[in-house]
Amino acid sequence: MPELPEVETFKRYLDKTSLNQIIKSIKIIDNRVLNVDEFDLKKLVINNKFTSSNRHGKYLLVNLEQGILIMHFGMTGDLEYYNKRQEDPKYSKVIFQFSNDFKLAYTSRRMFGRLYIAKSIEEFIESKKLGPDAFKMSLEEFKEALNRRTAILKNAMLNQSFIAGIGNIYSDEILFRAKLHPKSRLDALDEKKVKDLFTNIKDVLQFGIDKEGDLSSYPQNFLIPHRKKEEKCPICKNEIVSIDLSGRRGYYCPNCQVE
DNA sequence: AGCGATGTTCGCCG
DNA sequence: TCGGCGAACATCGC
């Protein structure tokens with residue numbers, strides 16, 4: 001499920017369930033999700049603890065005494081904490097077993113998730129060239145990220161080097177609420193629109209976090225329940241249309257969101 | 001049965 | 001260098 005609100009939900013879940021317990025063992029079910037040497041991963045994790053975590057964009061960075069374990073979830077990743085007597089969840093790829101008889105499973109159905117390790121947050125962010133976190137950034141950081149960029153809005157929002165954390169679904173919602181056309185150019189935004197876009201980014205992500213990333217029960221006045229063919233705009237009742245940009249499909253209201 | 005999907009990366013081209 | 005585009009990755013649910 002993971003865009004920023006979902007990953008924030010995973011972070012809180014991990015913090016609540018899995019911190020400060022000795023990790024007895026780690027079971028690697030499919031090493032295709034590892035972007036790290038298996039031996040290095042085991043060395044970092046076994047007989048150590050998760051001490052705290054951070055989130056940057058769609059990445060969850062878990063601190064251990066000797067380094068950081070980074071989880072990325074691709075399109076279908078999840079975390080599940082459960083008693084060892086229970087069956088391992090479907091699509092489990094890596095399982096951490098704690099000394100208290102509980103386990104934490106990192107799952108990935110489509111195999112797009114990856115695990116990394118790094119020495120510091122800064123090093124990792126630099127290696128991935130990530131922009132500021134979309135939820136934590138200040139207006140000044142946002143303006144800085146905008147600086148001299150010319151890309152069209154939808155592509156920019158999906159570009160993690162611009163700002164980190166927004167994906168296809170939330171970018172549609174943000175542009176809908178800001179009444180901006182997905183193909184409008186960044187450099188065409190005046191001061192007021194920049195500020196308005198910033199506010200909408202924060203509001204949409206905050207709402208998503210409050211919803212714990214559950215997209216299934218959004219109010220009808222959001223675009224999210226209408227991201228499909230033959231839906232009507234909740235504001236003007238015009239037909240919602242789709243647009244393909246760089247391999248992603250976005251949805252918008254051609255009446256409310258003008259170029 | 002085929003199509004599309006909440007992501008990232010890379011190569012090509014302007 | 002930047003930015004748009006499309007393919008590739010892999011799998012399953014509708």
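Just so we're on the same page: letters track the sequence lines, and every chain starts at 1. As a basis for the values below, the full set of heavy atoms in this structure was taken, side chains included, without hydrogen atoms, waters or symmetry mates.
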S.K.: Which class fits the ring pair A/Phe142 and A/Phe162: parallel under 30°, tilted 30 to 60°, perpendicular over 60°?
M.R.: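 Geometry flag for A/Phe162 against A/Phe142: tilted rings.
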S.K.: Any idea how A/Phe73 and A/Tyr106 line up, ring-wise: parallel (<30°), tilted (30 to 60°), or perpendicular (>60°)?
M.R.: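 Ring orientation of A/Phe73 relative to A/Tyr106: tilted.
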S.K.: Starting the side chain at C-beta, find the nucleotide from C/dG3, B/dT8, C/dC12 nearest to A/His72.
M.R.: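 Comparing C/dG3, B/dT8, C/dC12 against the side chain of A/His72, the answer is B/dT8.
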S.K.: Stacking here means centres under 5.5 Å and planes under 30°; does A/Phe112 stack on C/dC9?
M.R.: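 Yes, A/Phe112 stacks on the base of C/dC9.
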S.K.: So if I take every side-chain heavy atom of A/Met111 and compare against B/dG7, C/dA10, B/dA5, which nucleotide ends up nearest?
M.R.: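 When the side chain of A/Met111 is considered, C/dA10 is the closest of B/dG7, C/dA10, B/dA5.
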S.K.: Please determine whether a side-chain nitrogen or oxygen atom of A/Tyr116 lies at a distance below 4.0 Å from atom OP1 or OP2 of B/dT8.
M.R.: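 The answer is no; no side-chain N or O of A/Tyr116 sits under 4.0 Å from OP1 or OP2.
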S.K.: Out of C/dA10, C/dG13, C/dC5, which nucleotide sits closest to the side chain of A/Leu245?
M.R.: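 Comparing C/dA10, C/dG13, C/dC5 against the side chain of A/Leu245, the answer is C/dC5.
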S.K.: Pick the C1' atom in C/dC9 and in B/dA1, then give their distance to the nearest Å.
M.R.: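 Those two atoms are separated by 22 Å.
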S.K.: In terms of side-chain geometry, is the basic nitrogen of A/Lys154 or A/Asp172 positioned less than 4.0 Å from the acidic oxygen of its partner?
M.R.: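 Yes, A/Lys154 and A/Asp172 are salt-bridged.
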S.K.: Of the nucleotides B/dT8, C/dG4, C/dT11, which has the atom closest to the A/Arg110 side chain?
M.R.: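 Ranking B/dT8, C/dG4, C/dT11 by closest atom to the A/Arg110 side chain puts C/dT11 first.
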S.K.: Mind checking who B/dG7 pairs with, Watson-Crick or G-U wobble, both distances under 3.5 Å?
M.R.: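 Per the H-bond distance test, C/dC9.
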S.K.: So which nucleotide from B/dT8, C/dA10, C/dC12 ends up closest to the side chain of A/Arg109?
M.R.: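 Selected nucleotide (nearest to the side chain): C/dC12.
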S.K.: Would you call A/Asp88 and A/Lys27 a salt bridge, using N to O less than 4.0 angstrom?
M.R.: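 A salt bridge links A/Asp88 with A/Lys27.
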S.K.: Phosphate oxygens OP1/OP2 of B/dT8: is one of them under 4.0 Å from a side-chain N or O of A/Lys58?
M.R.: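 For B/dT8, OP1/OP2 do have a side-chain N/O of A/Lys58 under 4.0 Å.
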S.K.: So which nucleotide from B/dG7, C/dT11, C/dG3 ends up closest to the side chain of A/Met75?
M.R.: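 Nearest nucleotide to the side chain: B/dG7.
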S.K.: Among C/dC5, B/dG7, C/dT11, which is the nearest nucleotide to the side chain of A/Ser246?
M.R.: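 Nearest to the side-chain atoms of A/Ser246, counting from C-beta on, is C/dC5.
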